[in-house]
Amino acid sequence: MVMRDLLVRGMLAGLLAAMLAIGFAYVVGEPQINNAIAFEDRLHADSGTALEPEVVRRTVQSTVGLATGVGVLGIAFGGVFAVAFALGNRRLGTLGTRGTALTVALAGFTALYLVPFLKYPANPPSAGEADTIARRTVLYFGMLLISVVATAGAVILQRWLAARASNWNAAIIAGVVFLLIVTAALVLMPGINEVPAEFPAVMLWRFRVASLGMQLVLWVSMGLIFGVLTERATRSLAHGPAGSLRAGAR
Amino acid sequence: MAHAIAVSFPESSSIPIRDILPWAALVGVLAVILVYFAGVEQGALSLLSNQYVHEFVHEARHLAGFPCH
């Protein structure tokens, strides 16, 4: 496999996984967004303030808009995933192609979504204040950076230790170091709590579960689809005429 | 005889790090741009003066967990 093969498969897997995530988001996430917007409209009606103008129609937002946004994220994540897979492939011990793909996908989910989410969870419309967006964005991406560095560091530490101790013990030590760094960041980073007191707790919980579910569907299916595509290509290269020719030429 | 026992396929070895790095740099930059437009544009930063990008990808932005209004 050369880099080109992996990138093509990564972006394709990302796009296919995004389609599944779009379906999940439409069925599970959209009702929660609609509830939050209804809540927002009720607040405006009660206080007598004007409703926010609708720049893009809701029917467009919830279909083409949702699909475009998640599709773009899927392709971008797929590209990053392919590079991470190339770095990890046959460098993570005895994991096969598909095992490596799933491991890298779970690491991507943890680093790029789960850890930042634990500190600054996804909020539905109307649960944030517009004038703090700059601060919230900086903090969110700061947490994401810490999370990516901690994940990459833990993987490198695990491989370094695995050459000296057993694979299991290396993984436990690297995992503990990862959790210590992440926990320290979760405790030390400033908190954000802008959800209005009257915002229904159940609605907030359901929205956040929908967000977590969409990202999980995206990453896990990307890893599984990429694994199937790449393993098949590796096998046909190794056993096909081109593979034997190249092996004979060596 | 030597080539008969050489069974290491080029496909089955890992790609050297130095061959991955240029791709990693390019993909990293492109991914940042894509994620920026899907997740941040017309929020904390705004390159375009209206609200269309923000409102168009609004649902994905909230559900993917990016900070929004």
Side-chain angles (χ1 to χ4, degrees), chain A residues 1-3 6-7 25 29-30 33 54-56 60-62 64-70 72-73 75-77 79-80 82-83 86-87 89-91 113 116-117 120-125 128-130 133-134 136-140 207 210-211 214-215 233-234 237-238 243 246-250, chain B:
Chain A
M1 300 295 276
V2 293
M3 210 48 229
L6 297 179
L7 277 171
E30 278 301 325
I33 293 183
E54 214 172 63
V55 182
V56 175
V60 175
Q61 279 186 331
S62 65
V64 194
L66 172 73
T68 307
V70 178
V72 165
L73 289 175
I75 295 172
F77 290 164
V80 172
V83 171
L87 290 169
N89 194 25
R90 292 172 202 284
R91 292 193 179 94
Y113 178 76
F117 172 86
Y120 305 117
N123 275 329
E129 289 165 22
I133 180 70
R136 284 186 285 128
T137 303
V138 168
L139 288 175
Y140 184 80
F207 177 84
S211 168
M214 185 191 84
Q215 288 273 5
T234 314
L237 275 174
R246 267 184 239 176
R250 287 202 115 191
Chain B
M1 195 60 211
H3 67 265
I5 48 168
V7 287
S8 80
F9 300 100
E11 296 78 22
S12 64
S13 55
S14 52
I15 300 170
I17 302 276
R18 59 183 301 262
D19 290 350
I20 301 173
L21 282 181
W23 291 103
L26 179 66
V27 169
V29 169
L30 291 178
V32 165
I33 294 171
L34 288 179
V35 170
Y36 171 82
F37 273 97
V40 185
E41 167 67 2
Q42 292 163 357
L45 295 171
S46 200
L47 297 177
L48 306 168
S49 59
N50 54 50
Q51 281 291 310
Y52 283 107
V53 175
H54 167 195
E55 291 294 334
F56 185 59
V57 296
H58 182 258
E59 321 283 278
R61 188 172 290 193
H62 276 282
L63 279 169
F66 293 106
C68 205
H69 59 77

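Worth saying up front: this structure is predicted, and the values here are computed from it rather than measured. Here is how names work: the chains are called A, B, and so on, in the same order as the sequence lines, proteins then strands, and each is numbered from 1.
Of the N and O atoms on the side chains of B/H58 and B/H62, at least one donor lies less than 3.5 Å from an acceptor on the other residue.
Counting heavy atoms from C-beta outward, B/L47 and B/Y36 have side chains that approach closer than 4.5 Å.
The structure places CD1 of A/I75 at 11.5 Å from CG of B/L30, a figure rounded to the nearest 0.5 Å.
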Evaluate side-chain contact (heavy atoms from CB on, under 4.5 Å) for B/H54 paired with B/R61, printing each intermediate quantity in order.
CA-CA 8 Å; B/H54 167 195; B/R61 188 172 290 193; 3.9 Å; yes
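With a threshold of 4.5 angstrom between heavy atoms, A/P125 approaches chain B through its backbone and through its side chain. Contacts between A/M3 and chain B at a heavy-atom distance below 4.5 Å involve backbone atoms as well as side-chain atoms. For a residue to count as touching a neighbouring chain, one of its non-hydrogen atoms must lie under 4.5 Å from one of that chain's; by this rule A/Q61 touches chain B with backbone and side chain alike. Contact of A/R136 with chain B is made through backbone and side chain together, with heavy-atom distances under 4.5 Å. Heavy atoms closer than 4.5 Å to chain A are found in the side chain of B/A38, but not in its backbone.
Residue with the most contacts toward chain A among B/N50, B/V27, B/L45, B/V57: B/V27 (heavy-atom pairs, distance under 4.5 Å). Per-residue heavy-atom pair counts under 4.5 Å with chain B were compared for A/L87, A/V60, A/V2, and the maximum is reached by A/L87. By number of non-hydrogen pairs under 4.5 angstrom with chain B, the leading residue of A/F207, A/Y113, A/Y120 is A/F207.
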